[in-house]
2 protein chains.
Amino acid sequence: MDIGEHTRHQDRPGGGPAGEDSPHRTRDARGTRLRILQAAGAVFAERGYEAATVRDIAGRAGVNQALIFRYFGSKQALLTEVMAQGGKEQLVSTPPDLLFETALRGVLAEGGKPDADRLLAVYLRSIGSADAAPDTVRALGEEYAAALAALSSADDGELRAQLAMAWLLGIGLMRVVVGQEPLASAEPDEICGHVLTALEGLLGDGKTPGGRAAERQPEERR
Amino acid sequence: MDIGEHTRHQDRPGGGPAGEDSPHRTRDARGTRLRILQAAGAVFAERGYEAATVRDIAGRAGVNQALIFRYFGSKQALLTEVMAQGGKEQLVSTPPDLLFETALRGVLAEGGKPDADRLLAVYLRSIGSADAAPDTVRALGEEYAAALAALSSADDGELRAQLAMAWLLGIGLMRVVVGQEPLASAEPDEICGHVLTALEGLLGDGKTPGGRAAERQPEERR
DNA sequence: CCCTTGTGTAAGCACCTGCTTACAAAGCTA
DNA sequence: TAGCTTTGTAAGCAGGTGCTTACACAAGGG
């Protein structure tokens with residue numbers, strides 16, 4: 001699973017003052033910060049936290065590595081910043097009854113689109129090594145699970161919701177990191193149908209039917 | 001999750017020829033090799049591949065680190081060896097219709113028992129970083145999925161089986177690595193009941209509509 | 001005795017890591 | 001011009017990494 005499409009800035013060793021067509025304005029602090037964040041997201045997603053080096057990130061962003069420490073302080077803080085961006089937006093902007101399907105489709109879309117936000121890959125690849133990553137995942141996962149649990153009237157609703165979240169993560173792991181076939185190339189609609197059908201009883205608590213989200217026939221793609 | 005119980009050999013810097021009561025026979029190649037493998041499994045499981053150092057492993061095993069390279073050649077080869085041991089035993093020794101529940105219970109038991117085989121933790125923590133880890137996981141997962149797929153008459157049986165395997169991995173990830181509550185401390189029986197019920201329609205028979213399976217409640221409601 | 005083989009060790013090498021420091025230049029005000 | 005802040009860079013530091021080398025000691029055979 002090669003990514004292959006990134007910002008095109010390479011580490012230019014010479015950096016001479018000759019007439020090079022610099023693709024970005026120099027001395028643009030906000031732009032530089034953003035490029036570092038994007039490059040960090042890509043490198044963390046590809047290699048995981050430990051294997052990613054700040055020299056790699058700086059090279060990909062086209063900046064000197066000292067700038068990374070000026071802007072973010074440390075490699076760990078950079079990872080935290082990468083993880084923090086855009087984490088909860090989906091959570092607060094999606095009605096709870098559609099939350100799981102939305103999150104699932106987000107996970108499924110990640111493998112396909114090359115330029116999709118690689119947040120999930122960063123999470124998955126950094127969980128094993130970085131100290132802050134499991135905490136971030138746990139905190140985010142708990143909020144998702146709590147929102148999901150509110151839908152169910154079962155007394156162990158939170159556990160059920162976390163089981164559903166675990167399935168999300170596992171599917172993402174298999175598709176994005178491991179790349180197992182045929183799962184990795186399967187149609188999102190097909191996977192979505194299977195998963196939602198299977199979870200119907202787990203999340204829908206039995207009394208009220210799960211609603212449209214659990215219909216076997218997948219809805220039209222958004 | 002403190003381990004706390006291992007071979008008690010520490011790296012002794014002096015190593016004087018005085019009358020030291022060595023708790024293991026010296027010059028025992030097979031025993032030394034085994035101790036290295038066990039120590040490597042523990043350290044890889046705790047820290048992940050990248051963060052684990054051969055000096056740590058050697059220290060935990062009570063041997064000189066040069067021995068690790070004599071016995072295994074490289075750190076990567078050591079990881080491969082650790083992953084290879086005992087991977088497929090369960091696969092070939094379990095009838096297919098019990099395979100999923102057996103694997104699930106193995107995953108669930110891992111968090112509780114401190115001295116359980118940490119193979120899953122090694123997998124999960126090393127997936128993000130090591131090169132060979134995803135390949136090993138993919139190969140092993142494909143065999144499990146193939147065995148599971150043989151049970152189903154659906155034409156996409158393999159996909160369904162891999163979805164089930166993904167759930168396994170995700171639950172393990174949440175329990176062992178992330179440690180999310182209440183999932184991490186939940187009773188294996190309870191989780192097992194939920195998961196098996198939910199997967200009934202997915203793995204059982206592709207022809208049976210999923211809604212039917214979700215209609216019945218889990219048998220014992222705690 | 002020496003020689004060989006198998007097992008274990010101490011010391012180091014070459015390299016890489018995150019991070020820091022000293023410095024240069026751009027932009028701005030006066 | 002000078003002075004100041006902001007943005008960027010080159011060079012290096014202290015420490016850790018995987019891995020190698022040279023060596024020590026036990027055991028067995030001639």
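First the proteins, then the strands, lettered A, B, ... as listed; each starts at 1.
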For the pair made of [atom1] in [X] and [atom2] in [N], what is the distance, rounded to whole Å?
X      : N       : atom1 : atom2 : result
R55(A) : dC15(C) : CZ    : C1'   : 11 Å
R30(A) : dG8(D)  : CZ    : P     : 13 Å
F72(A) : dT20(C) : CZ    : P     : 15 Å
R35(B) : dT7(C)  : CZ    : P     : 13 Å
I68(A) : dT7(D)  : CD1   : C1'   : 15 Å
F69(B) : dC19(D) : CZ    : P     : 4 Å
R47(A) : dG18(C) : CZ    : P     : 11 Å
Q65(B) : dA10(C) : CD    : P     : 11 Å

Practice problem: Please check the phosphate of dT7(D) (OP1 and OP2 only) for any side-chain N or O of T32(A) closer than 4.0 Å. | Solution: no

Self-check item: Phosphate-side-chain proximity, Y71(A) and dT7(D), N/O vs OP1/OP2 below 4.0 Å
Solution: no

Quiz item: Would you call R160(A)-D156(A) a salt bridge at under 4.0 Å N-O?
Solution: yes

Practice problem: Give a yes or no on whether a salt bridge exists between R138(A) and E142(A), defined as a side-chain N under 4.0 angstrom from a carboxylate O. | Solution: no

Practice problem: Specify the residue among R70(A) and E50(A) whose closest nucleotide of DNA chain C lies further upstream toward the 5′ end. | Solution: E50(A)

Quiz item: For D56(A) and N64(A), take the nucleotide of DNA chain C holding the closest heavy atom to each; which residue's nucleotide lies nearer the 5' end?
Solution: D56(A)

Practice problem: Looking at every strand, decide which applies to A52(B) at a 4.0 Å heavy-atom threshold: base, sugar-phosphate, or nothing. | Solution: sugar-phosphate

Exercise. For A29(B), report the nucleic acid contact type (base, sugar-phosphate, nothing); a contact means any heavy atom under 4.0 Å.
Key: sugar-phosphate

Quiz item: Under a 4.5 Å cut-off applied to non-hydrogen side-chain atoms, are L34(A) and Q38(A) in contact?
Solution: yes

Quiz prompt | Student check: side-chain heavy atoms of F69(A) and V54(A) closer than 4.5 Å | solution = yes

Quiz item: Ignoring hydrogens and geometry, is there a side-chain-to-backbone donor-acceptor pair from E158(B) to A145(B) under 3.5 Å?
Solution: no

Quiz item: Looking at F44(A), is K75(A) sitting on its ring face, NZ or CZ under 6.0 Å from the six-membered ring centre and within 45 degrees of the normal?
Solution: no

Quiz item: Between CD1 of I191(B) and CZ of R105(B), what distance do you get to the nearest 0.5 Å?
Solution: 10.0 Å

Quiz item: Hey, what bend do you get for the helix from dC2(C)-dG29(D) to dA30(C)-dT1(D) if you fit axes on five pairs at each end, rounded to 10°?
Solution: 20°

